[in-house]
Amino acid sequence: MMQSIMCLLAQVVDQALDAEKNGEEFDVRAATSMVEENPEQKLLVECNQLAVDIDNEIVVIHNFIRDKYRIKFPELESLVRLVVLRHTHTRTYGCST
């Protein structure tokens, strides 16, 4: 049965606290490898990397569109920024426009 990453992390913390209480040295490398080998941890790392990749692609697309339409619509970027700020303000404070 696969052990949940949270349970595994809790065990590692308990081991570290017990070692500190007993005046023993805690083997950080063994604990780290135990966590890194967990399939759930590997999945989390891969998902985080995918999120970073997606965010980077969004920035690339945004820059492309901004550069392409800047000449025709110089006010477009400021208008979009105002709409996003208004939407954020409305959602955050529950204000209506």
Side-chain angles (χ1 to χ4, degrees):
M1 185 172 160
M2 186 176 12
Q3 191 175 15
S4 168
I5 190 71
M6 294 307 293
C7 293
L8 188 59
L9 289 173
Q11 285 179 354
V12 169
V13 170
D14 288 341
Q15 290 172 2
L17 292 173
D18 288 342
E20 182 183 16
K21 188 188 315 180
N22 297 333
E24 300 169 355
E25 191 170 322
F26 179 67
D27 188 6
V28 176
R29 287 185 190 162
T32 303
S33 67
M34 195 167 71
V35 171
E36 288 177 350
E37 290 173 4
N38 186 294
E40 191 176 340
Q41 172 66 14
K42 290 179 182 179
L43 179 63
L44 288 171
V45 170
E46 289 175 18
C47 288
N48 285 337
Q49 185 57 51
L50 284 174
V52 169
D53 292 344
I54 290 168
D55 192 46
N56 290 338
E57 289 298 319
I58 290 171
V59 169
V60 168
I61 292 168
H62 169 79
N63 290 339
F64 173 77
I65 292 171
R66 182 194 63 209
D67 294 344
K68 182 145 179 87
Y69 289 102
R70 181 181 290 166
I71 296 169
K72 291 182 183 180
F73 306 107
E75 71 281 356
L76 182 62
E77 192 169 5
S78 63
L79 291 174
V80 171
R81 211 175 282 144
L82 287 174
V83 170
V84 170
L85 286 174
R86 178 175 290 170
H87 179 71
T88 304
H89 178 76
T90 302
R91 284 183 43 204
T92 303
Y93 300 106
C95 302
S96 60
T97 56

Clusters formed by hydrophobic residues whose side-chain heavy atoms approach within less than 4.5 Å: which one holds Leu17, and what are its other members?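 Under the 4.5 Å side-chain rule, Leu17 groups with Val13.
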
With sequence neighbours left out, write down each residue that passes side-chain contact (heavy atoms from CB on, under 4.5 Å) with Glu37, or none if nothing qualifies.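 For Glu37 the side-chain contact (heavy atoms from CB on, under 4.5 Å) partners, ignoring immediate neighbours, are Ser33.
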
Across all chains, not counting sequence neighbours, the side-chain contact (heavy atoms from CB on, under 4.5 Å) partners of Asn63 are Val59, Arg66

Going by side-chain hydrogen bond (donor to acceptor under 3.5 Å, both in side chains), name the residues that satisfy it together with Glu46, two or more places apart in sequence or in a different chain.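 By the side-chain hydrogen bond (donor to acceptor under 3.5 Å, both in side chains) rule, Glu46 matches no residue at all.
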
CG (Leu50) with more than 12 external heavy atoms under 6.0 Å: yes

Under the criterion side-chain contact (heavy atoms from CB on, under 4.5 Å), I'd like the reasoning laid out for Glu57 against Asp53: C-alpha separation, chi angles, the key distance, then a yes or no. CA-CA 6 Å; Glu57 289 298 319; Asp53 292 344; 5.6 Å; no

Nearest-0.5 Å distance that lies between atom CD in Glu40 and atom CG in Leu44: 6.0 Å

Would Gln11 and Asp14 satisfy side-chain contact (heavy atoms from CB on, under 4.5 Å), going step by step from the backbone distance to the final call? CA-CA 5 Å; Gln11 285 179 354; Asp14 288 341; 5.6 Å; no

Partners passing salt bridge (Lys or Arg N to Asp or Glu O under 4.0 Å) against Asp67 (at least two apart in sequence or in another chain):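 Per chain and number, Asp67 pairs via salt bridge (Lys or Arg N to Asp or Glu O under 4.0 Å) with Arg70.
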
Should Ile61 and Ile58 be regarded as members of a common hydrophobic cluster, given that ILVMFWY residues are connected when their side-chain heavy atoms come within less than 4.5 Å of each other, either directly or indirectly? no

Name each donor-acceptor pair under 3.5 Å that joins a side chain in residues 19-30 to protein atoms two or more places apart or in another chain, with its distance.
| from | atom 1 | to | atom 2 | distance (Å) |
| --- | --- | --- | --- | --- |
| Asn22 | ND2 | Asp18 | O | 3.2 |
| Asp27 | OD1 | Arg29 | N | 3.4 |

Using every non-hydrogen atom in the two residues, find where Gln41 and Glu36 come nearest and quote the distance to one decimal.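 Closest heavy-atom pair between Gln41 and Glu36: CG-CA, 4.2 Å.
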
